[in-house]
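The structure presented is a predicted model; accordingly, all values stated were derived computationally and were not measured. Just so you know, these numbers use all the heavy atoms, side chains as well, and skip hydrogens, waters and symmetry mates. Chain identifiers are assigned alphabetically (A, B, ...) following the order of the sequence lines, protein sequences preceding nucleic acid strands; residue numbering begins at 1 within each chain.
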2 protein chains.
Amino acid sequence: MEQKRSDIIANQIEELIFDGTFRDGERLDEVQLSERFAVSRTPIREALLRLAQSGLVAHYPRRGVFVRQPGPIELIEMFEVMAELEATCARLAATRISDAAIDELKATNARCNAAVQDSDTERYYRENEQFHAILYRESGNSFLEQECLRLQRRLQPFRRTQLRLRGRLKQSMQEHEQIVSALVEGDGQAASDTIRSHVAVQGEKFHHLMSRLKTAAE
Amino acid sequence: MEQKRSDIIANQIEELIFDGTFRDGERLDEVQLSERFAVSRTPIREALLRLAQSGLVAHYPRRGVFVRQPGPIELIEMFEVMAELEATCARLAATRISDAAIDELKATNARCNAAVQDSDTERYYRENEQFHAILYRESGNSFLEQECLRLQRRLQPFRRTQLRLRGRLKQSMQEHEQIVSALVEGDGQAASDTIRSHVAVQGEKFHHLMSRLKTAAE
DNA sequence: AATATCTATCTTGTATACAAAAAAGTTGAC
DNA sequence: GTCAACTTTTTTGTATACAAGATAGATATT
């Protein structure tokens with residue numbers, strides 16, 4: 001399955017928004033973008049329309065496309081939904097997960113720990129995402145899995161900003177192990193509750209971070 | 001906020017898929033569509049790309065766009081997710097809902113009942129959707145609300161096919177009242193559980209319907 | 001006759017051209 | 001000098017033109 005040029009461009013623009021090249025509220029000019037990527041306006045437009053659908057930019061007809069970063073309130077809301085979706089995954093997975101997948105989770109956790117030891121944050125993030133992705137898959141609900149991956153991808157840049165908080169890493173790893181234990185025992189309720197707070201706390205932490213920044217700015 | 005022509009066309013194509021004009025697996029030819037709607041290929045392409053993102057059609061690069069109706073398994077999965085999202089709405093709404101919104105729910109229920117009396121199915125569907133939409137709103141989480149509306153819209157045509165089953169209407173109305181009671185009492189758990197089964201049963205019923213159809217065909 | 005390869009046609013993906021609406025700049029009136 | 005209306009420019013939305021890949025058909029070979 002080959003990719004279209006507009007798809008590649010959409011991902012690249014997404015990256016440029018994530019890394020701060022395009023700021024919140026900034027207008028994305030079609031002509032400028034077409035010059036930057038050395039293509040015509042057509043694939044640029046298709047890319048922007050895709051990003052508009054995913055919510056990363058806002059499209060005001062006949063006025064243009066503007067970067068639309070979620071504010072603190074919306075972020076908390078998104079983390080709240082993510083927590084619920086993942087909690088559902090865990091609950092379903094508790095009765096459906098295979099032994100092979102349990103081993104996969106344990107192996108991923110081990111690699112996560114190793115990454116912490118090596119202070120390899122990049123690898124930590126990757127393995128952590130992998131852990132959650134396995135959970136999505138083991139929910140046995142492909143649609144749920146896809147929705148989770150979509151939201152995970154959307155929240156990815158904001159996870160990174162707040163995971164650096166002291167002590168969080170160790171606690172996060174402990175929670176991962178608690179989740180695996182609950183799944184092994186087939187305790188859907190425990191797995192569900194643990195992962196709900198595990199994810200929700202990220203939103204909370206972000207909230208605190210934001211309030212502090214806001215207070216400091218005043 | 002004005003609408004683009006491609007947006008209008010997207011909705012019209014969506015309608016044509018829902019009403020069966022375009023069948024599952026059918027290829028949607030850009031040129032044919034542009035003749036049908038008397039526009040050029042450009043707005044057609046934009047509309048199709050939007051539908052591809054929403055999952056209603058599948059887009060295989062350089063090969064075309066094909067209608068992609070969810071099969072029974074995917075439908076059950078989608079209803080399962082819908083049930084979980086709505087359960088979350090109910091749980092959150094139990095602590096956040098306003099007295100005015102409670103009255104709104106009661107009034108909507110009353111109109112629902114009236115529609116049943118008049119055998120006005122069209123109006124029943126509308127009021128029923130309204131009831132659920134109020135719940136989404138009263139979750140106090142705008143992002144969750146939007147996600148629910150999105151999925152509700154996607155499942156809408158399939159709800160219609162199976163709500164006609166005997167006895168389901170009366171039971172459905174009873175469940176609505178149970179939900180309101182739970183919200184009045186602030187019992188998030190009860191509201192959540194009631195609506196989860198209320199929505200999930202639609203997926204189950206559909207499942208049974210499909211198996212029967214499948215058995216009959218063999 | 002069946003299959004494989006080459007060729008012609010069709011369809012999508014991209015570039016360019018044009019139309020219409022919004023933004024910006026200018027001129028004029030008070 | 002300020003504000004408003006008109007004009008110019010810019011930018012989006014749509015149409016058309018062109019390029020390249022995919023499908024289908026024809027021809028040749030075994």
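In this structure, B:His176 and B:His198 have perpendicular ring planes: the angle between them is above 60°, well past the 30° mark.
For the pair B:Gln69 (side chain) and B:Asp24 (backbone), a donor-acceptor distance under 3.5 Å is absent.
Close to D:dT14, at under 4.0 Å from its OP1 or OP2, lies no side-chain N or O of B:Ser40.
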With 3.5 Å as the limit, what N/O pairs link the protein to nucleotides 7-11 of chain D?
unit_1: D:dT11; atom_1: O3'; unit_2: A:Arg27; atom_2: NH2; d: 3.1

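Distance OH (A:Tyr60) to C1' (C:dA23): 17 Å, rounded to an integer number of Å. For the pair A:Leu33 CG and C:dT14 P, the interatomic distance rounds to 16 Å; values are reported in whole Å. Spacing between atom NZ of B:Lys4 and atom C1' of C:dA22 amounts to 16 Å, rounded to whole angstrom units. Whole-Å rounding puts the B:Arg41 CZ to D:dG13 P distance at 19 Å. When rounded to the nearest whole Å, the span between CZ of A:Phe66 and C1' of C:dA23 equals 11 Å. Straight-line distance from the NE2 atom of B:His59 to the P atom of C:dT12: 9 Å, rounded to whole Å. Taking atom CG on A:Asp7 and atom P on C:dT12, their separation rounds to 16 Å, with Å as the unit. Look at CD1 on A:Ile44: it is 18 Å from P on D:dT14, rounded to the nearest Å.
Among the nucleotides D:dT12, C:dT14, D:dA15, the one closest to any side-chain atom of B:Thr42 is D:dA15. Side chain of A:Arg45, nearest nucleotide from D:dA15, D:dT14, C:dA21: D:dT14. Distances were taken from every side-chain heavy atom of A:Pro61 (C-beta onward) to each of C:dG13, C:dA15, D:dG13; the shortest belongs to D:dG13. Proximity note for B:Arg62 (side chain, C-beta onward) versus D:dT14, C:dG13, C:dA15: the nearest is C:dG13. Of the candidate nucleotides C:dA17, D:dA15, C:dA15, C:dA15 has the atom lying nearest to any side-chain atom of A:Val39.
Mapping B:Val65 and A:Pro43 onto DNA chain C via the closest heavy atom, the residue that lands nearer the 5' end is B:Val65.
Interatomic distance, CG of B:Asn109 versus CD1 of B:Ile134, reported as 9.0 Å (0.5 Å rounding). Going from atom CG of B:Leu105 over to atom CG of B:Leu183 covers 6.5 Å, rounded to the nearest 0.5 Å. Remark: A:Thr42 OG1 to A:Glu30 CD distance equals 9.0 Å, nearest 0.5 Å.
A side-chain N or O of B:Glu86 and one of B:Tyr136 form a donor-acceptor pair less than 3.5 Å apart.
With salt bridges taken as basic N to acidic carboxylate O contacts below 4.0 Å, none links A:Arg96 and A:Glu138.
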